[in-house]
Number of protein chains: 2
Amino acid sequence: MRTVTADDRTARARIRDAAIARFAADGVAATSVRSIAENAGVSPALVIHHFGTKEALRAACDRHVAAVIRERKLAAAEAGPQLDPLAALREHPDEPPLLRYLARTLVDGTAEVAALVDELVADAVEYMAVGVESGMLKPSDHPRERAAVLTVWSLGALVLHEHLDRLLGTDLTGPASGTFRYALPATELLTYGLLPEEIYMRVRDALGALTEAGS
Amino acid sequence: MRTVTADDRTARARIRDAAIARFAADGVAATSVRSIAENAGVSPALVIHHFGTKEALRAACDRHVAAVIRERKLAAAEAGPQLDPLAALREHPDEPPLLRYLARTLVDGTAEVAALVDELVADAVEYMAVGVESGMLKPSDHPRERAAVLTVWSLGALVLHEHLDRLLGTDLTGPASGTFRYALPATELLTYGLLPEEIYMRVRDALGALTEAGS
DNA sequence: GCAGTGACTGTACGCATGTACAGTATTATG
DNA sequence: CATAATACTGTACATGCGTACAGTCACTGC
């Protein structure tokens, strides 16, 4: 029998997961290699031995998080369509905080997370087209732009999860059951809308005029 | 006649503005006092002389940005209602990048920006109530929550402005004229909605059941 | 004119950082 | 069992950091 505290991940994986957790909690710039090593229970030198530099470690974290997210999304896609594009990624305790990591690194703009965002949008375009086809979603004049806006709103709410928690008592990075105080008004907004049609027409025409005048 | 390059701000103001710009560009943790001093054209020691510590400087920046934003919002409120809650804050060149500063510091969670967000939501609740009264906005079952969600979506889109720029070719921190590629699909979404009423009913009932079971 | 006050700089100190390096333990390979 | 390779640590070093301090300059009030 193995002790309860045994950790059968390789040291490399432990370092990576500790880095993800620290980066997620404090941001990359405010996290030291030493604190990561301490969290992983290894020496700082081993971090460098396995990853070379802090920046390379961060890139490895980016790739790992992106890979896990892709995997989860794929698994979720087979289970059928979902309203919430982040549902499959909600965090289990005792596993690296993927969503919190994303929330932190979305602002720093590495190529890896940019590519991930692009994928999320592309997937959204695709499954929203299916939804429109089957009558589950209303059609749009700008399907790609609409998917991009919705994805950014979802991710933006994730990035601001601390504010949402304070405002509504909802933790978007936690289990789905805790998100209803956000999901309910959001769904209402996305069902009945906010603006009367007349306003949209006016905005559309005004923006159209701007476009022509601008070029 | 004064030379073109003259800068009649006090050194204190120049330091503060330089700090806002650097914090906005690189984040607080990745910005050194020395780089701020260089940008302001003063010695690092003067930064400390005026503000005491880097953290105190950052707090002063928070307060300044919050004060300017409140002032702008007040001025905008007198000019009548606005669709875009951030419209009054769009950046002029040659002035500190308020919105970019906000976009960076919204994630770090200081009390000052939290209070500012709370104010933005409170204001939104208020002027959306007026909008509903006058028929400009549709009513809601959850007016406060709706205002919070919309505010968070706006701010979230701001925080992710680099991604939006890449996805749609829109700079949310720039002049309003460049934002139409975002504003158009967003307005469409907030007019016609995304989901048929039946889905909302189902979500509402499911979330209601969750609430009862959860407590 | 002169003391006083605040703006401002140069220098320096202590500390934390990222990481290189030499060396030891552990494991894999013949 | 011997050898090679890899995992891992302790130590050390250069760098950059925040900031304290002593001192200079410019201006104000008497």
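Numbered from 1 within each chain, the chains take letters A, B, ... in sequence-line order. Because only heavy atoms are used, hydrogens play no part in the values below, and waters and symmetry mates are left out as well, while side chains stay in.
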Handout entry: Gap between atoms CG and C1', on B:D26 and D:dG16 respectively (whole Å)
Key = 16 Å
Handout entry: Exam field: side chain B:K54 to backbone B:T31, donor-acceptor pair closer than 3.5 Å
Key = yes
Problem - Reported CZ-to-CG distance for the pair B:F51 and B:L46, which is rounded to 0.5 angstrom - result: 9.0 Å
Exercise for the section: Have a look at B:R34 and say if it touches a base, only the backbone sugar-phosphate, or nothing, with a 4.0 Å heavy-atom cut-off. Expected result: base
Practice task
State which residues pass salt bridge (charged side-chain N to carboxylate O under 4.0 Å, His left out) with B:R181; sequence neighbours excluded, sorted by chain then number.
Solution key: none
Problem - Strand contacts (DNA chain D) in residues 43-57 of chain B, 4.0 angstrom heavy-atom criterion - result: B:I48, B:T53, B:K54
Problem - Salt-bridge contact A:R72-A:E95 (side-chain N to carboxylate O under 4.0 Å) - result: yes
Exercise for the section: Rounded off to whole Å, could you give me the CD1-to-P distance for the A:I15 and C:dT19 pair? Expected result: 14 Å
Handout entry: Between A:D165 and A:T170, a side-chain donor and acceptor under 3.5 Å
Key = no
Exercise for the section: Calculate the interatomic distance between B:E38 atom CD and C:dG10 atom P; express it in whole Å. Expected result: 13 Å
Practice task
In whole angstrom, give the distance that lies between atom CD1 of B:I36 and atom P of D:dC17.
Solution key: 11 Å
Handout entry: Over all atoms of both residues, closest heavy-atom pair of B:I20 and B:P96
Key = CG2-CB, 4.0 Å
Exercise for the section: Classify the nucleic acid contact of B:T31 as base, sugar-phosphate or nothing, counting any heavy atom under 4.0 Å across all strands shown. Expected result: sugar-phosphate
